[in-house]
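To find a chain, count down the sequence lines: A is the first, B the second, and so on, and within it residues start at 1.
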Protein chains: 2
Amino acid sequence: MNSGKILIVSSTHGNEINPVWSVNQYSKQGNIIDKNIEYKFIIGNPLAYEKGCRYIDKDLNRSFNLIKNNHDTSIYEIRRANFLVEKFGVNGSEPCDIAIDLHTTTANMGTSIVMYGRREKDFCLAALLQHKFGLPIYLHEKDEKQTGFLVEAWPCGLVIEIGPVAQNFYDPKIINRFLIIISSLREEINKLKNKQKQLPKLVIVHVHQGSIDYPRGEDGNINALIHPKRMNQDWKPIKKGDPLFMDMEGCTKSYNGKNTLWPVFIGEVAYKEKNIAMSYTKKEVINLPTQICEDFFN
Amino acid sequence: MNSGKILIVSSTHGNEINPVWSVNQYSKQGNIIDKNIEYKFIIGNPLAYEKGCRYIDKDLNRSFNLIKNNHDTSIYEIRRANFLVEKFGVNGSEPCDIAIDLHTTTANMGTSIVMYGRREKDFCLAALLQHKFGLPIYLHEKDEKQTGFLVEAWPCGLVIEIGPVAQNFYDPKIINRFLIIISSLREEINKLKNKQKQLPKLVIVHVHQGSIDYPRGEDGNINALIHPKRMNQDWKPIKKGDPLFMDMEGCTKSYNGKNTLWPVFIGEVAYKEKNIAMSYTKKEVINLPTQICEDFFN
């Protein structure tokens, strides 16, 4: 925490519009400036937001590993990723220490946190929010097919993922949930800094194990959908024999693994193009050394 | 009913995918051929369906008034409208008498019927479905801004509109509702033809009165959303003083008209680009002369 600035990014995916409304509402109420920690607000993908689509050329939230090696500035999202890092990165013109990327999902994820890898500062922030609100944490790691997330371009950063809500649909409930996170986050960090509260000793995470596609026919088309019993059951454990999909004849395809798993992003609309029907996680309890709290403020 | 064929169109809007699944499931179960009345199935906008967007160049379901006068075949949807009428129109190569256009909405409309204008044959079909299932009917008429609907290109035709469901999201409940309509429609028509049932003497419709936009600021941007008390309240009456919108400061904008109205398509995502936050209707009871049933089968 050198600059004391937190970057709040909304609409990194252009059709996730509720966070933009929340941020505008928060700003309008005159809450931007705080003595200790300042928020900077930015729309991640303004062109896609204007058009109401997820992205223009390429998923912006998979474009941040390409900045260094890829100078293909014909791709709008590469240009945008460059811009965001050059402006708000730790060495940027308006440097921020932390990036909070606000997303919505069509899946029934509730209010949740997504972490990328096991960075100590991320654990510190995630633990703070989990302790305050009881939020589940999805720890995404070791997935070669999914890389280049926005928050990874900052030394500390989390995604706040809230659903279910349709793309491009304003939902007052979802807007309020983002407002709660935005208004609490800075307060909580300040309390921790002023030793008004302690970091919890452990954090519970759901660690990414892989993703599965919809069953498909020989023509490549989806031929079975999320099973009615699996719909909206994000974060709920599955064991061998539990239903996953149902085809047009009413036949069930069940989970056949040995281990209990916790599926997330069940039926997320935006992941169909990534051939993901749901992702599997397993639960893990992580002990937090007290040291990481001190490191957070250095 | 000369040819005894009914055209069932799904995905006239490419991101309304549940009807396509219902139709495929129905076909797979071997239900296509019936001795008396045959179904023809077609995807309205296959290119938009493939891309998961509402349309390519222009809303297909506003393109059917342009066929005669507009030969601008650079517009995909004009070409597609021409194709559909040339193939399945009453003078087409595979003529159909009736068009049933299956749509989904993000609004909480339930299972409903949309009629365009006051054609006797449409009343006959709508009355049949209302009598069987108790479905509400939205009668769209006298709206110069909204013309050129698909079903108007056939001598008889209705839209079946089911929601709420997100664009591009498969929902088993919605799929089942379409299946019920598809499997019942032909049966009901046959019963009527064989005098196994009578047409009801009256039909209740909600007649289109106009549409209202979201409140907007000087910059043209939406600055108030559907009021939480108005969300999901489609078909429920409003009277003077009832809340419609809420802005970022929490201020309510209320309905200020004298007459009781029934709003529909409240907050429909696809209508934002048409500057429609909701449409107003008023209730009307229409008597059906027994004659129209006989005319239906001539």
Tell me, please, whether F149(A) has R62(A) positioned over its six-membered ring: NZ or CZ under 6.0 Å from the ring centre and within 45 degrees of its axis?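 Negative - R62(A) is either too far from the ring of F149(A) or too far off its axis.
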NZ or CZ of R186(B) within 45° of Y39(B) ring axis and under 6.0 Å: yes
Which one, [options], leads in non-hydrogen pairs under 4.5 Å with chain A?
options: E268(B), M248(B), Q167(B), E273(B); value: M248(B)
options: A270(B), A224(B), G250(B); value: A224(B)
options: E249(B), M246(B), K173(B); value: E249(B)
options: V165(B), I175(B), V269(B); value: V269(B)
options: G267(B), P172(B), A166(B), P228(B); value: P172(B)
options: T106(B), D171(B), N168(B); value: N168(B)

Should the pair K5(A)-E94(A) be classified as a salt bridge under the 4.0 Å nitrogen-to-oxygen rule?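 No salt bridge links K5(A) with E94(A).
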Would you kindly say whether T12(A) and D101(A) are connected by a side-chain donor-acceptor distance under 3.5 Å? yes
Pick whichever of N223(A), I226(A), D247(A) has the most heavy-atom pairs under 4.5 Å with chain B. N223(A)
For I17(B), is it the side chain, the backbone, both, or neither that has a heavy atom closer than 4.5 Å to a heavy atom of chain A? side chain
Under 4.5 Å from any heavy atom of chain A, what part of K272(B) do you find: side chain, backbone, both or neither?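 Interface part for K272(B): side chain.
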Contacting region of I222(A) [heavy-atom separation from chain B under 4.5 Å]: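 For I222(A), heavy atoms of backbone and side chain both lie under 4.5 Å from chain B.
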Is the side chain of D57(A) donor-acceptor paired with the backbone N or O of Y76(A) at a distance under 3.5 Å, no angle test?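 Yes, because the side chain of D57(A) sits within donor-acceptor range (under 3.5 Å) of the backbone of Y76(A).
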Under a 3.5 Å distance rule, please check whether S279(A) uses its side chain to pair with a backbone N or O of V264(A) as donor and acceptor.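 The answer is no, because no donor-acceptor pair under 3.5 Å joins these two groups.
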Determine whether the aromatic ring centres of Y170(B) and W21(B) lie less than 6.0 Å apart.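 Here the rings of W21(B) and Y170(B) have centres that are less than 6.0 Å from each other.
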